[in-house]
Each structure stands twice: as C-alpha cells, then as structure tokens.
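Sequence lines set the chain letters: A, B, ... in the order given, protein chains first and strands last, and positions in each chain run from 1. Scope of the values below: all heavy atoms of this structure, side chains included, with no hydrogens, waters or symmetry mates.
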Amino acid sequence: MLELSDLHTYYGESHVLQGLTLSVRPGEIVTILGRNGMGKTTLMRSIIGFTPPRRGRVCFKGDDVTRWPPFRMVEHGMALVPQGRRVFASLTVRENLEVARQSRTGQWTLPRVLELFPRLGDRATNRANKLSGGEQQMLAIGRALMSDPDLLLMDEPTEGLAPLLVREVGRVIAGLKREGLSILLVEQNLPLALSVADRVHILSRGQIVHSSGPAELMANETVKARYLGVA
Amino acid sequence: MSSGLAAPAPTLDRKVVAGFAALTLAGVLAPALPAYPLTLLTQAAIVAVLAMSLDILLGYTGLPSLGHAAYFGIAAYTVAILATERQMGLAGCLVAALLLATATAALFGVLAIRATGTYFLMITLALGMVVWGLAFRWVSMTKGDNGIAGVPRPGLGLGWSLAEPLPFFYFALLAAALAWAAMGVLVRSPFGLGLKGIRESESRMRALGYNVWLHKYLAFVISGFFAGFAGVLWAYYNGFVGPADVQLVTSVETLLMAALGGPGTLAGSALGAVAIVFLKNFVSVYTKRWLLILGAVYIGVILWAPRGVLGAFTREPRGAR
Amino acid sequence: AVPPTAHAQGGPIKIGLLAPLTGAASALGKDMLNGTELYLDGIGFQAAGRKVELIVEDTEGNTATALTKARKLVEQDKVHVLTGGLLASTGYALHPLAEAQRIPTTYPVMSSDDLTQRKPAKWVVRTGWNSSQSMHVFGEWVAKTLKYKRIVTIGLDYAFGWESVGGFQRTFEDNGGQVIQKIWTPLNTNDFAPFVTQIKREADAVFAVFFGRAALQFVKQYETAGLKGRVPLLGNGTTTDESVLPQMGDEALGIMTALHYSAALDNPANQKFAKAFEAKAGKIPSYYAETCYTNARWIVEAVKAIGGRVEDREALLAALRRVELRDFPRGPVSIDRWGNPVQNIYVRRVDKVGGKLQNSVIATFPAVSQFWKYDPDEYLKQPLYTRDHPPCPHC
Amino acid sequence: MTAEFWIIQTFNGLSYGALLFLLASGLSLIFGVMRIVNLAHGSYFMLGGYVGLSVVWRTGSFTAALVAGAVAIALIGIGMERLFLRRLSGQTLGQVLMTIGFALMFQDLALLIWGGDPYTIPLPAALQGIVTAGALRFPTYRIFIIVVATLVGAALWIVLDRTRVGAMIRAAVDDREMAQGVGIHVPVVSLGVFALGAALAALGGVIGGGFLGVYPGADFEVLPYAFVVVIVGGLGSLPGAMVGSLLVGLLDNFGKALFPELSYFTLFAPMALILALRPTGLFGRA
Amino acid sequence: MDQTRVMRASVVEEASPGPATGYALELRSVSKAFGGLRAVDDVALAVRAGERRALIGPNGAGKTTLFNVISGELPASSGTIMLFGRDVTRAAVHRRAALGLARTFQITNVFPSLTVLENCLLAVQALSPVKLAMHRPLGRYADLHAHARTTLEAVGLGGRAGAIVQHLSHGEQRQLEIALALAGRPRVLLLDEPTAGLSPAESQLMAGLIKRLDPAMTVLMIEHDMDIALEIVQHVTVLHYGRVIADGTREAVKANPLVREIYLGA
Ligand SMILES: Nc1ncnc2c1ncn2[C@@H]1O[C@H](COP(=O)(O)OP(=O)(O)OP(=O)(O)O)[C@@H](O)[C@H]1O
Ligand SMILES: Nc1ncnc2c1ncn2[C@@H]1O[C@H](COP(=O)(O)OP(=O)(O)OP(=O)(O)O)[C@@H](O)[C@H]1O
Ligand SMILES: [Mg+2]
Ligand SMILES: [Mg+2]
C-alpha cells in the first residue's frame, strides 16, 4: 500500500527526517510512537506532500508519488487527519464534510459520518471555528473519511478527546481496519495505540529506532523507558 | 546561544553598526557630492524618518497604516504657515508642528485602533483622505490647491545659514539620526517587545495582562509624532507644502518604503526610503518609462525577498498561523 | 551668482523643460514637449551661433516632484533658462526658487492670475496666458453679441475654475447679464450627473470650465442628460481645446468658447505650425503645443537679442521681457510690466469641417491685456477671483 | 428640493452604485477569498476600458467590447496569479506590494499603448436614448448598468453561497495547505477566482467607459472607491459589497448634489465613522 | 534549579481579601449563551485559595467556554464572577490578569515569530510597569531575563530559549503555552488541557511541574487524561451540556454512575 524508502526531510536547513524507511501493507494499522518533536508530524507531511522530502521515495499503491501535490494524493486514495485539527474555520460543519467528498458513489456519505459522530449532526450548520476542541477533532476525522480513502494518515487523532470518545475513536479505527482500510497512526495515547496496531515503530530524532509488534513493545521496558519515557 | 541566567550583554547588533557606518559615510562624502545627489540624499534622510515612523506601526505592531501622510503633512503645513505668515523660527515651528501632528494622531488613534488588518488600512486611509480634503478645501488656511510656497529655511543663530544645500544636509542628517536612535531604543525596549507581541497574538497579550488598546494607541501616537518630525524637516527642505504632501500616494509610497526594506527593521525602512528616492529621481532622468521600471523593480525585489530586503537577512516570516 | 566666463561661453545653451510625462496629465506633457522640440528642430538646435540643448524632466504632474526636478535642472545641469510646468501650485512653488537662484524662467502653461498680478516674480516671464484674460473678453462678448441675460456657470472647484468663471462673470455682469447659479464640481468628480441635473432650466445658456478628461465627460453627460438641444453651452478655452476635441463626438457641436489660440486660426504662421506639428505628433496642435512652441521661439529670440551670452542672466531676463513679435501662430504678442503677454483673444465655435471638429474663430479681439479694459492699479486692488468672489447677487 | 430632485438624484446614485458594484464585487471576491489586497484592481478597470475601446474602434460592436475586455483582463489576472502572486501565498504584505508594482507597470503600459488622451467608448444606438416618465428623464444607459449589476450580483450570490464550489473556495482561503490535503485543487480554484474578479472589473471598465470615459489615471481614481465599498460592506461579503456600493453610490451622489463643497469628506468621513463604530464593516466578521 | 522560588506567588496588584467569602474564585449562576445554545448554563463554582481542582466533561460540554468567561475573553450572559471577593464580571481581560489570574489556551496561543525567550519575557514583564518603558533596551533588564530563563527551565524548554517558536514541534509549543501562564506568578491558574499533545513522558513531567507549584496558588484545570488529573487534584467538577452535574472529591466523582456513563465510558 505505502512504501517509504530513505526519506530525508528538511525545514530550511534543519534536517528533521534522517533516512526513514517504512511500509504499510493493505489492511494494516501501523503506529508511530515517539516523544515530542521527534519528527512524527513531519513524516505525515512528507507523505501527503505538504513538505516533500528532499531525498528518498514515497510509493503509494505501486506508484512513485514522491513529488505529487497533496490534492493528487487524496484523489489517489490517501487522506489525512492532521495534527491540531485544522478544520475550515469559516465553513459550516456540513460544508467541511462536503468539500472533502471526492465522488458521489463512495461508501462514506454525509449521513454515515454524522451517524458515526452524532454530536456533529447536532451542530451541522455551525461554523467550524465555533466547535469545541473535541468536536473539531471529530470533524477532522469525518472529513478525512469523506474522501473514501484506502490509506488514512492520522496524526494524534485523540488529542483533546474525552476518555469516552478516545475509546470511541479506538473502535472507529478498528472498524475501519475491518473494512479493509490501511492506517498510519501517530498517537500519544499508548494503550489505544497498542490496542489497535499491527506493528509499531518508534521514532527518535528523525529515525526509526525500534520496530516490533505491540505485544513485544509492551514487554520491552528498556525501549519504553528509553524512547517513550514511560516506566 | 548563551544559556546563562544573566541577561545578554547589550551588544550592538549588526544592523545598528551598519546604520552608523552608513550615516558616517554619508556625512563624510557629502562635501564631495554634486548638488543634486546631495539634494536627493537630504530628501532620502527626511523620508527615511517618515518610513521608520510607519514601521513602528507596520512592522512592529502589525498595523498597516495608509494615512501616514496626514501627520507628516499636518506638521509640514504648520511649519509652512507659521514660517511664512508669522515668520516664526525653528523652535516655535517645531513645537507647534509636533504638537499638532501628535494631537491629530491622538485623535485618529481613538477612531482607528479598534480596527485591525485591512480594516485598519482602510480606516487610516479614510482619515488621511479627510486631512487631504481639508488641505484642499480650507483655502483660507492652506491656500488650497496652490499650496504654500516660499517657506524659508530656518536660521540657527549660529552664523551659517541652512539655505545652502550642504549645511541643510547635515542638519537633516543629524535630525534623522536622532530620530532613528530614539525609535531604535523604543523598539528594543520592553514596550517595543510588547508591540511585537501584539502583532503576533492580541488575545494572548490580553490574557497575560497587557492593556492591548493602550499599547497600540501609544504606538499610534508615537508613530504620528515621528511622522510629524519628518514633516517639519520636509517643509524646510522643500520650501513648499501642498495637498500632494498629504495625499494618498504619499502614504502609499511610505508604506512601500517600509515594506520594501523589510518591515520590522527600522534600518530596512530607511534603506527602502533611500532606494525609492534615488530610484524614482534617477531612473526618471534617463527614461520616460521609469514607472515601468519602478514597477518591475518592486515585483522583482518582492519575488526575491518577500519580506523586504533586510527582512531577507533576518528571521523567518510570521507564519500564516 | 556665477559671472559669465569665457569657459562657459563655449558650451551649449541649456534649456530645462519641466513637463508631466507620466501620470494623468501626460498627454498634455507630450504636447508641451512636442511643441518645444518642433521649434528647436526647426532651427537645428542652434541659436546665436551656439548649440541649444534641451533637458527634459518629468514632473509626474506633482509639484513636489517638479520642485525636485527644477533643483536638478538648476543645480546639476546648470540650465540657463528654466521653463515649463503645468499646475498653478508649481508656478507658485517655482517663484521663490527662481528668485533665490536668479534663474531666468518662463511659464508657457501655468495660468494662475496672481503669478503675474499680485505676486509677480522678477525672474519669471509668462509666455502663455492667464486664466481670466480671455474670459473678460468672452463675458462681454456673450452679453453684447449673444445678448444672453441669465447664465448658469459650472466649473472645476479650484483656482483655475474660479479665475475663469470670475473673469467671465465680472464682464458679463458689467454688461448687463446675470449669473443665476454657480455650480462647482469637485476635482475628483467623474460622474457629472449630480451636477448636470441641478442646472436651472430657465437659463439662457450654461458656461462651463473644464479641461482634459473632465471636459470630455462633462460635455458627453450634458448631452446624455438631454440638455444639449435645450440650453446652449458656452465654455472657457480648455473645455474644447484640441487636446480633447478630437475625442469628442457631435455632442460638442456649437459650443462657444474663447482663448488666445485655435488650431483653426487662419494665419500663415499657424498654418505652417499646425501642419508641421501634425506631421511630427500625428494630431492637431492643442494650445499646450502652441504655447510651448511659441515659448521656445520666445526664448531663442531673447538669446539672439543678447548675442548668445546667456551667462549674463540679467541681460537674458531683460531680453525675455523685451521680446515682441507679430508672427507667432497665435498672432502678435508683447509683454506687460508684470510679465504677462498682451495678445489676441479669439472667440471660437465648435464646427464640423471635413468630418472633423474644429474651433472656428468667429470673432477676434486684438492686443488684450490681462487687465482687459480696467485700470491695472484699480484692478489689482480687487481681490483675486475665488469661489466667492465676485459674489453672486442673482443666485 | 422637489420630489423630482430626489427621484433623479436617487436614480443617479443607484446607477453609479451599480457601476461601483461591478468594480467592487471582483475586488471583494479576490480580497475575501484569497486574502489578497489587490491594488491592481483599478488597473483592471482601466485596462478593460482600453481594450473595449480598441475593440469598438475595430469592430463597432459594444457587445464584442464587453466580451473582449472581460476575457483579456481575465487572462492578465490569470498570468499575475499563476506566475507571481501564487509564490507569495499567505504573505499579505508582499502581495500588496507586488500588486502595486503591477499597477505602476499597467499604468505605464497603457500610456505606451493608448497614449495619454482621454476617450469615451461610443455606445450602441439602443443604449443611447432617454426614457421619460412624466417630467422625469432617465438615460437608458444608466438603466442598463443597473440591470447588468443586478444580474451579476445574483449570479455571484448563487455560486458562492449555494454551491460546493463556493465552499471549496472558502476552504482554500481558510487553510490553503489543508484544503489541498482534502483533495481540493487549490491552484485551480485560486486561478478561477482571480480570473473572475479581474473579468468583473474589466466589465465595469468597459461599461464605465461609456459614460465616465477611459483615461490615464482612471485606475487610481476608482481604486479608493472600490475599497470604500468593500470595506464599508465588510471584507469578502457579497451582500456587503452590494449594500456598500449602493450606499457609496448614493452617498457620493447626494453628497455632491447637496454639499458639493464637502465632497472631499462625504465619502471618507462616513467611512471612517462606520469603521470606528463597526471595525469590521457593516457585514464583515472578525 | 530552584523552581519553588520561581513559582512563589507575588502579585503586582494586591487584591483586598474578599468580604468574608474566602474563595479565590467564585462563580454565581454564570451562564453563557451563543444564540440559542447555552454553552454554560447556570454554573456555580467556588474554589478556595490553594485548591487544586479539575474540570471535566465530555467534548463540547462548555469547559473552555467557562474558562473564557472567567478570564474575560467572552462576556458572561448572566451571573457574577468574583476573584478574591472582588466582582470582576465586567472587568477587562487584562484587569483580571492584573489581579493574578492566568490561563493557558486549549488551542496553542503563543507568539510564533518571536523566540522562546522573548515569548517568556513578554509574560514576565506583563504585570510590571516596566512593560511601558520605552527609554531603555530590554537587554538592560537583567532581572527580567533571569526570571524568564528560570521559568523556561522549569517547563523543560531551557535549552530552546533562542529558538523561534514557529519552529518548535507541537508538543514544545504546548510546553511554552504553560510557561507563559506561569511566568507572571499568578495566584489563580486556569489550565486548559495542559497535557494534550504531550507524549507520555512529557505529560509526566508536566504533571510533576503542576504538582510542585506554589501550594498557595489556586489551580483549575481542564484535563481529559484522568490518570494525570486525578493524580494532581483533590476536587473534581463535572460539566455536561453546560451544567454542573457532579461536584466532589475525586473518589466520589469517579464512582458517580452518571459520570461513568457520559464521560469515562466504562
Ligand atoms: N515549520 C518548521 N520549521 C522548522 N522546524 C520545524 C518546523 N516544524 C517542525 N520543526 C522541527 O522539526 C522537529 C520535528 O517536528 P514534528 O512536528 O515533526 O515533531 P512531532 O514528532 O510531530 O512532535 P509532537 O509530538 O510534539 O507533535 C522539531 O524539532 C521541530 O522543532
Ligand atoms: N463562539 C462560539 N459561538 C457559538 N458556539 C460556540 C462558541 N464557542 C463554543 N461554542 C459551542 O459551545 C459548546 C461548548 O464549547 P467548549 O469549547 O466550551 O467545549 P469544551 O467543553 O471545552 O469541549 P472540549 O473538551 O472538546 O474542548 C460547543 O458545543 C461549541 O460548539
Ligand atoms: Mg506532531
Ligand atoms: Mg475545550
């Protein structure tokens, strides 16, 4: 589904991703963990094309998409739930979802998203900047689904969500996986991240420093202490 | 980056050093210059003060004013009227002109400060246009379209007259340097940092405990004061004050100077002023198509350095966050 | 304060011309430049055995720029004669400069009355006209010949408009007419509808003072509002000047105006000039073109009179003030004590000849001074014509 | 003041306001949608008029002039956006400066191509007449302007407010990068908006050329008007632009008719007042 | 690093102790409506000086809105807000800050193109008259710099003082967000999801920092991470559809079936 090989990404002169290789197979959930400022978001930005890598290759569904503009990526079946939500402030909730729709025939429709997040249905005609933080997060997830993606990039989708909703998002993610979606997930909520993941990578200073299955990581206290700072 | 607890030693930053060097160079070279370049240099020094005064609002506080010609012009008119009709000397003219310009800014500030961004641009434009209308319309005071001609250069009572280009150049240069120093300290002061904070996030400033309105208002008035100072010099320099001095084009040009040099850097604004004065007056000597060239230069500079010439050598832009 | 030196004698005679070559008034600046060049071309840029050099500076139609450029011409180029300028304010601003620098200066275009009336400058000679000069003639002519009794005036709301309307009103009312309404249009007007629709219908005629695009717009909108067939239109010279006349349509037919020039003037000098100008510029000469052509000749005649010794500024100034010629395109000209020309004033009517509009001359008044028939000293005791002077007792 | 005075002057104001709407709606669109303060907008108006003039000279057709003017200037707008402004996206000040640069160049180019003489665009006979109603006389051309502006306004409102395209445009404004991230072809959207805005101004220029004329300096003469309209109404608000243009048209007209000596204030003083009281215009949102 | 020294409460403008209430912050039937939506509905809340209290509730319950009303960002539709016994319902934001109220924002609100140190200096000078000084460069105020650096050390940004804020990662910006609130040595601190966006490691650091704050400081925090919240506070108030539906000790609230149903979800 997604293959990254030897990505190097820079912000100006600062070298953030330093030779990163990783893949996501169809129907798989791969989770990225790591402390703040290690390059997780940068990874997401490099994949979708916001900050194209200076070196390395991004392959998606067998095509080399390294320097494609983001909207082509989306048309090709990728969707992003960005960090910090980034909903369209001056659009209503409904419009936020509508603009992201790619075709009329997809599985994800407005009613289906509103069914998934009833709270959004209540506020459908409100402008998105008037939503609470959690509501915006739901909107960002719903918006990504509206494009019927094959691969979903989720950058900390549970930030700011109440425990109930965190669990709900966990269920949504599991459900999406069952439908055959591939997901690359960046997450700080360890229990959630580990419960849905097929494989886990830990990112530190722009490099992958640990890869394993979730159970192995759970058991590996040294790695957890060293790279995640959890005892 | 020193990480000690002590405050960084107050080092002179490079721009300040470069600025002093430029001033000194201009001062040393002046006697060797032909009359016309000297005239232009004088003009540039004066206009630089105007551009820097605008930069306090534009670059530091994030308030793009399009009415700066108003304070400039009011001061210039005050000098022109007092000097021609009352034969008032430098001190009297200066005080009266600065008072009037500052008072106008104080009045306009009350009206304008609540608006931000483009709305601020437009309300200052509108207020500026009102002053222009006044200059045009209040014929008994301003002589309307004809303007006030024959403003005599001030005598300093020191024996030499400022009527000659060279002494007047030194006079203007000194005045500009003083204004620059004063504004330089201002933007580096705690108050100046507050202005930058307002530029970045007003809501955060409020939450921290700043009276944002007051801060902006003070910046507005101070900016008007310095614009007035430039106006005083201008009246003496040009010997003529007319509605063109308060018109929109003057405000726009000032904005261009401040922005072209790099908003948020006083030296940049000064540089922008010097560049535009020379560009306009030299290019037009050689070709009638100078507007075309001027336009192309603006576009080129901005493509090359979107944050202004000096901005290109300093920090990252304010993001569109 | 440069005394004539042998060294300076060798170089060319330098004339500095200020003209608006960019900006809204650039078409006028172009005419000024073409007129000047046309004359100098004709004499091969030679006068009194010396080369003549013309240095042109763009004023952008802005007085501050004009001043800067004037300084450049005087201080850097060391011109011997300074000339040109468009706006009245430029005239007032150049006065002190000319006096301080003691530089012989001529004003071919700037027409503000006081430049040669209440505030003349020793070093400035006007080779053009002043605003009220032709209007004094016209007001009297309208009252006496057309026998109109009630007139509405409409004009640009600034000194040029005031002086033109003032001159007209004074002689019109002195000869029994009544101005029954005065409308002033702000300079920033481009839609004249709010003013045109206010014109009192009982008027015998409307007297208009416009120039450039405002003239074009006004005349057009006067017709659009349905007034053209019903109330005759009169105007000052610039309202139908050749700088706008060719762009006008039939709406301009019949408008009567007065000026010291018309491109249709039937004298040999003008025939020759108009033809040459059309060949050079591709259009008929406006008064701006003629006045600058004449101005160039004027300067050259003065130079010749002093044998080319232009470094003697006092002599050059005196010569400029002595020029008196009978064969300018506009007719014979002499100069009065205040530095303003005494010249013919022509009453003109817009006609269509050979498919083109022209200002046909229908009456000629010879040797008109800026004070018309009034005594200069008495005249100068009156205030300058303004918005409210002369007052309007019949409004 | 007779009833006739009030009716005629209101009509004058409305028709002038309608012309301003054509000019300002394009500005508001570009301004509101792309956050670009386009100081070359007056140039579009002027250039549109000049292109229209040339076309009328060649073909004698006013309709051809309208179409050609709009298309030609839309192309200029596309070029400006595509090649220059796009590189500065998000940098408000840089964009402002750049549009000033273009405005200066356009001013000079127009002078180079069409010379400095003022012209008016000749009107087709059908638009030249006068419609009389009792003692009142309404020039047909002014009625035509009102009709055109109304149609354009309605079309814009439907597209922007009622369609997905409108939402996509606004999404691109809110967060350009993220709009691409949900699959919106932001570059195409921006280009379209810019072209439309420029075409509207040019349309205004050709129509205005029929009674205001086409002349150098028209660009910077109409620009403040356009800005006053947009600002008084509120940035990027279409209803705002409509109300703003009517208000400004009427204010300017009655100001000049009733207090001509205050005409330098009748436009800007009320605007300053409105902004002092409502710092985001009548319909604007912070 | 002496962190307690930094956090010692020292308020510029001493508030007169309120008439007999003794509460640092008191809300009396405060409501905030947006059109028809009552985002905050008749909320009463009394927080004693030095108390640590959590405000929890489902997303959209009105927690942030309540903060905005307390800090003055939004005017209350009705009700009274008292700060140290003083009625501040109508007071401007900066007046409340001057009384010792500080807050963080849920959506990071810092000064992006300034350096981390400059950000902090802005917060440090905010409550002293120095902020209006124009005649001396900021570099001359050594005490301000020292205080700013100590604060940065405390939140773990000591090494990044010279970095431009927009180059920081999201999590680092969250840390700065807190530093700005702490730098003014507030007496009442409102924290809106201080650990959101922080990695578990950074969250732990943050929790430790909050726990070590001057005990005299009153802290009201919104937090969705229950482990962290319950570790820090003794008292919890639960908001749902703008109303207070539970209020009590952490154990009591945790055991409350309604809270479990609508919020904790287990
Ligand atoms: N626009 C930018 N310009 C320069 N540097 C940046 C920029 N954005 C991020 N960085 C730097 O790149 C590094 C990685 O940032 P990134 O946002 O990818 O981290 P992250 O792992 O997502 O962290 P977090 O968990 O806090 O979101 C950080 O050190 C950050 O300071
Ligand atoms: N300015 C506003 N205009 C209209 N509605 C608003 C506004 N601000 C907030 N709301 C609405 O008020 C409700 C409460 O919002 P608030 O931000 O206070 O929730 P919250 O409790 O902080 O939620 P979260 O935990 O998700 O941050 C939400 O439904 C939100 O959509
Ligand atoms: Mg991140
Ligand atoms: Mg919240």
Side-chain angles (χ1 to χ4, degrees), chain A residues 11-14 16 33-42 82-86 117 119-120 122-123 126-127 129-139 155-156 158-168 170-171 186-191 193 202-203 224-231, chain E residues 34-37 39 56-66 105-108 156-157 159-160 163-164 166-175 192-193 195-206 222-227 229 238-242 259-266:
Chain A
Y11 291 111
E13 282 317 297
S14 86
V16 177
L33 299 173
R35 297 180 61 157
N36 293 123
M38 292 307 166
K40 304 180 296 295
T41 298
T42 308
Q83 183 163 34
R85 306 162 190 124
R86 297 178 71 173
F117 300 114
R119 182 89 206 171
L120 291 184
D122 299 345
R123 329 248 338 128
N126 269 63
R127 283 170 14 112
N129 62 344
K130 299 290 155 74
L131 297 184
S132 83
E135 290 164 340
Q136 291 187 10
Q137 190 66 58
M138 300 176 217
L139 183 55
D155 197 349
E156 304 197 23
T158 64
E159 177 182 338
L161 292 190
L164 187 70
L165 268 171
V166 173
R167 231 159 290 160
E168 184 59 35
R171 272 194 289 276
V186 169
E187 188 48 74
Q188 299 288 13
N189 186 320
L190 219 45
I202 294 181
L203 205 61
K224 280 204 290 185
R226 176 139 174 232
Y227 294 116
L228 302 179
V230 279
Chain E
F34 298 112
L37 176 84
I56 64 171
N59 293 115
K63 306 179 295 292
T64 300
T65 305
L66 187 63
F105 289 81
Q106 180 174 10
I107 296 170
T108 311
L157 282 174
R160 306 227 54 178
I164 306 236
Q166 60 192 309
H167 297 173
L168 298 185
S169 81
H170 181 68
E172 291 167 322
Q173 295 193 13
R174 296 297 305 161
Q175 290 170 299
D192 198 345
E193 304 198 26
T195 70
L198 294 191
S199 73
E202 269 83 12
S203 294
Q204 278 308 321
L205 284 178
M206 191 57 69
I222 299 174
E223 183 56 68
H224 285 307
D225 187 329
M226 281 303 102
D227 298 337
V238 187
L239 227 52
H240 188 42
Y241 286 117
V259 174
R260 295 187 77 85
E261 185 199 326
I262 60 162
Y263 185 68
L264 299 169

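Heavy-atom pairs under 4.5 Å with chain E peak, among A:K40, A:R123, A:K130, A:M138, at A:R123. Interface summary for chain E: among A:L161, A:L190, A:N189, A:N126, the most heavy-atom pairs under 4.5 angstrom belong to A:L161. Here E:G197 is the residue among E:G171, E:G197, E:G35, E:A196 with the most heavy-atom pairs under 4.5 Å with chain A.
Between the side chain of E:D192 and the backbone N or O of E:I222, no donor-acceptor pair lies under 3.5 Å.
A donor atom on one side chain and an acceptor atom on the other are not found under 3.5 Å apart for E:T108 and E:Q173.
Contact annotation for E:L37: only side-chain heavy atoms (C-beta onward) come within less than 4.5 Å of a heavy atom of chain A. Neither the backbone nor the side chain of A:M38 comes within contact range of chain E; no heavy atom of the residue lies under 4.5 Å from a heavy atom of that chain. Interface residue A:Q83: only side-chain heavy atoms are found under 4.5 Å from chain E. Looking at E:I107, only its side chain comes within 4.5 Å of chain A, counting heavy atoms on both sides. Of the atoms belonging to E:E193, it is side-chain heavy atoms, and not backbone ones, that fall under 4.5 Å from chain A.
Contact check for A:L33 versus A:Y227: no side-chain heavy atoms found under the 4.5 Å cut-off. Contact annotation: the side chain of E:K63 approaches that of E:H224 to within less than 4.5 Å [non-hydrogen atoms, C-beta and beyond]. The shortest side-chain heavy-atom distance between A:L228 and E:P200 does not fall under the 4.5 Å cut-off.
Residue-environment remark: CZ (A:R171) exceeds the threshold of 12 foreign heavy atoms within 6.0 Å.
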